[in-house]
Structures are given as structure tokens and as C-alpha cells.
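As a basis for the values below, the full set of heavy atoms in this structure was taken, side chains included, without hydrogen atoms, waters or symmetry mates. So that the names make sense, note that chain A is the first sequence line, chain B the second, and so on, each numbered from 1.
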Amino acid sequence: MPMPELPEVETIVNGLRGPLIGRTFTGVRVGWENIVARPAVPEFQQRIRGQQILGIRRRGKYLIFDLSRGDSLIIHLKMTGQLTVRPGDAQADKYGHTVFDLDDGCQLRFLDTRKFGRVYLVADEGEVVGSLGPEPLADNFTLSDFSALIRERAGTLKPLLLNQKFIAGIGNIYADEALFVAGIHPQRKAGTLMGNEIKRLYQAIRQVLCQALADEGTTFDGAYRKVDGGEGGHQENLLVFQRKEQPCPRCGSTIERIVVGGRGTYFCPCCQK
DNA sequence: CTAAAATCCTGGTGGC
DNA sequence: TGCCACCAGGATTTTA
């Protein structure tokens, strides 16, 4: 049950713009206080009321709503968070812990079975997303940028790819997929990568994320849903993730699952060195 | 610096 | 059938 990563969050942002740009928040119900990271719930409710949604963006795995009084509403879906837009009189969702009312009578509903997701309302978005690493798909994120970042690190490669301060937006699915495409073992130390390996990894990260984006994300166990409730398509194109004991699509060897940095990790012991 | 462990949560799973 | 211990997992915090 993987969480939304860069391609999933980007797909959700794209789906939210149509129904939400130009709308104004008229209130918000908070059914589980811990989901509001800051400010305190009463201030959160009072301060968001009357603010219009001017824009919606993604940064890493965060959604950022630019609001009319200068605030940013920032949402992280973590593992099981979903966002839907529904008529206000539609049936309540079982896990709709945070429900935003809009001036057209609809609601933006933040559903989250495991309650790991978080919502922030801040004047300065930097206090939430300011320490994130570069966007891997940005035009100005070059091979030499990536190479420089990799060379100054000594740690195990896979946890490094999951470190949002190192590079933003990669999670467990696409870390495994990118390492497979690059032919690199997840437990390699960053400092041992040769120039050609760094290049392969850079290209693999961008290729894997781009394809997942084109597929509108990966839906596993129904955990990630598009705004319209539909599933993504990339689960059909996964090469190693969640394919333990199945044949490697490249060499036919048996895909293994190990734990790296506390995370379930899938790889081909033949193709990845 | 790296890294391991604990924390937050609950649906799903496997054992008996 | 039912009970229950246990697990996954992102990011943060704490501890080594």
C-alpha cells in the first residue's frame, strides 16, 4: 500500500484545478485534530474562511494552494490520503476527517484512513517546503546537478533517494523502479557510483517518473485515487515493485524483497549490482 | 556525517 | 469463526 508520490500528487493537482480555482472557502470541519499540523484548529478554521483559491501547485509530495490573503494551504497525503470534490449534500465519507466547504456548495474532502496526512495553513510556505531538495523533473535539474549531489554523499543509495531533502518527490515505488532501470543495487553506497552509473540513475529517475505521470500514477490496494475516483494505470507497468518471486522482466531471474533503511525493497539480484 | 529506532495510525493478514 | 499479535509505511524526532 504505497503512498502518493510525485506522479500521483501531480495528477491530483491537475484534477483539482478545474473544480477549485476561483472558489472561496466558506468553512472547514475538522474531525481529527492531529491532521491539522498548524496553526491550532480554531485559528485554522477562522483564517481559511473567506480566502479564494488563486492557484494549485505541487512541490515534492506536497500540494500547495495559493490563497487570496497571501496564505498557503499545504496538504501532504502521506500514505492513505485522498482528495475528492463532491456536492455538499453528497453522502459523508467514512474517513472524511477534514472537509472544506466551498462557495459553490461543493466540498473539498480530505479522506485518510490512517490519519497520517497533514494540513498546514501558513503565510510563508518555506516553513513547510523550504528544506526540500530539487525537483527531479525540473528543466533546470541537470545531470551535473545530480552528479554533484550524489558525490557529496556517503550513505546507502535507496534511503538517499527517499530523503526529501536530497531530492523531492520520490517514494518507495519509484526508488525501486528507478534503481532497477539503472541496473544499480539499492544497497550501494552513493560514493561508490561511477560516472556512467550516476548518469544511468539520473536518466532512470526522470524516465520512470515521466512514464508514471503519463499513466496518471500507480494505484495499489485502492490507496491512491484520482480526484474523480478513478485508478491510475502505472501498476500495469511496474517492473520490480511488489513483484517478489516473479520473474525479472529483463533477465528472468527471480525478483527478491529485502529491507533497506526499514523499507521493503524489491530488486533483481542479477541485473542490479 | 550516517543510521537505527521510536512515533503516529488502522486495515489487512496469518496463526491457531 | 473469532481472536489477536503483527506489519506496512513517510516524515520527524530521538538516540547512538
Going by atom types only, do A/Asp145 and A/Thr142 share a side-chain donor-acceptor pair under 3.5 Å? yes
Going by atom types alone, do A/Glu8 and A/Tyr174 pair a side-chain donor with an acceptor below 3.5 Å? yes
Examine the base of C/dA11 for any acceptor or donor lying under 3.5 Å from a partner atom in the side chain of A/Arg118, and report the outcome as yes or no. no
Looking at [X], does any N or O in its side chain come under 4.0 Å of the phosphate oxygens OP1/OP2 on [N]?
X	N	result
A/Arg257	C/dA8	yes
A/Lys78	C/dT12	no
A/Asn34	B/dC9	yes
A/Lys189	B/dA3	yes
A/His76	C/dG10	no
A/Arg153	B/dC1	no
A/Tyr95	B/dT10	no
A/Lys61	C/dA11	yes
A/Thr80	B/dC9	no

Got a sec: does the [atom1] of [X] have more than 12 other heavy atoms crowding it under 6.0 Å?
X	atom1	result
A/Glu43	CD	yes
A/Glu152	CD	yes
A/Arg188	CZ	yes

Using whole Å, what does the distance between atom [atom2] of nucleotide [N] and atom [atom1] of [X] come to?
X	N	atom1	atom2	value
A/Leu160	B/dC1	CG	C1'	12 Å
A/Leu63	C/dG10	CG	P	17 Å
A/Asp112	C/dA11	CG	P	14 Å
A/Tyr224	B/dG11	OH	P	23 Å
A/Met79	C/dT12	CE	P	15 Å
A/Glu5	C/dA8	CD	C1'	14 Å
A/Arg38	C/dA11	CZ	C1'	13 Å
A/Leu162	B/dA3	CG	C1'	14 Å

Angle between the end axes of the helix from B/dT2-C/dA16 to B/dC16-C/dG2, five pairs per end, to the nearest 10 degrees? 50°
Between A/Trp32 and A/Ala154, just flag the one whose closest nucleotide in DNA chain B comes earlier from the 5' side. A/Ala154
Of A/Arg263 and A/Glu152, the one whose closest nucleotide on DNA chain B sits nearer the 5' end is A/Glu152
Closest contact, heavy atoms only, A/Gly232 versus A/Thr219: N-OG1, 2.7 Å
Tell me the closest heavy-atom pair linking A/Glu177 and A/Phe241, and the distance in Å. OE2-N, 2.9 Å
Report the residues that fulfil side-chain hydrogen bond (donor to acceptor under 3.5 Å, both in side chains) with A/Arg23, sequence neighbours left out, ordered by chain and then residue number. A/Asp103
Can you figure out which of B/dC9, C/dA11, C/dG9 approaches the side chain of A/Lys115 most closely? B/dC9
Heavy atoms under 4.0 Å, any strand shown: does A/Gly171 hit a base, just sugar-phosphate, or nothing? nothing
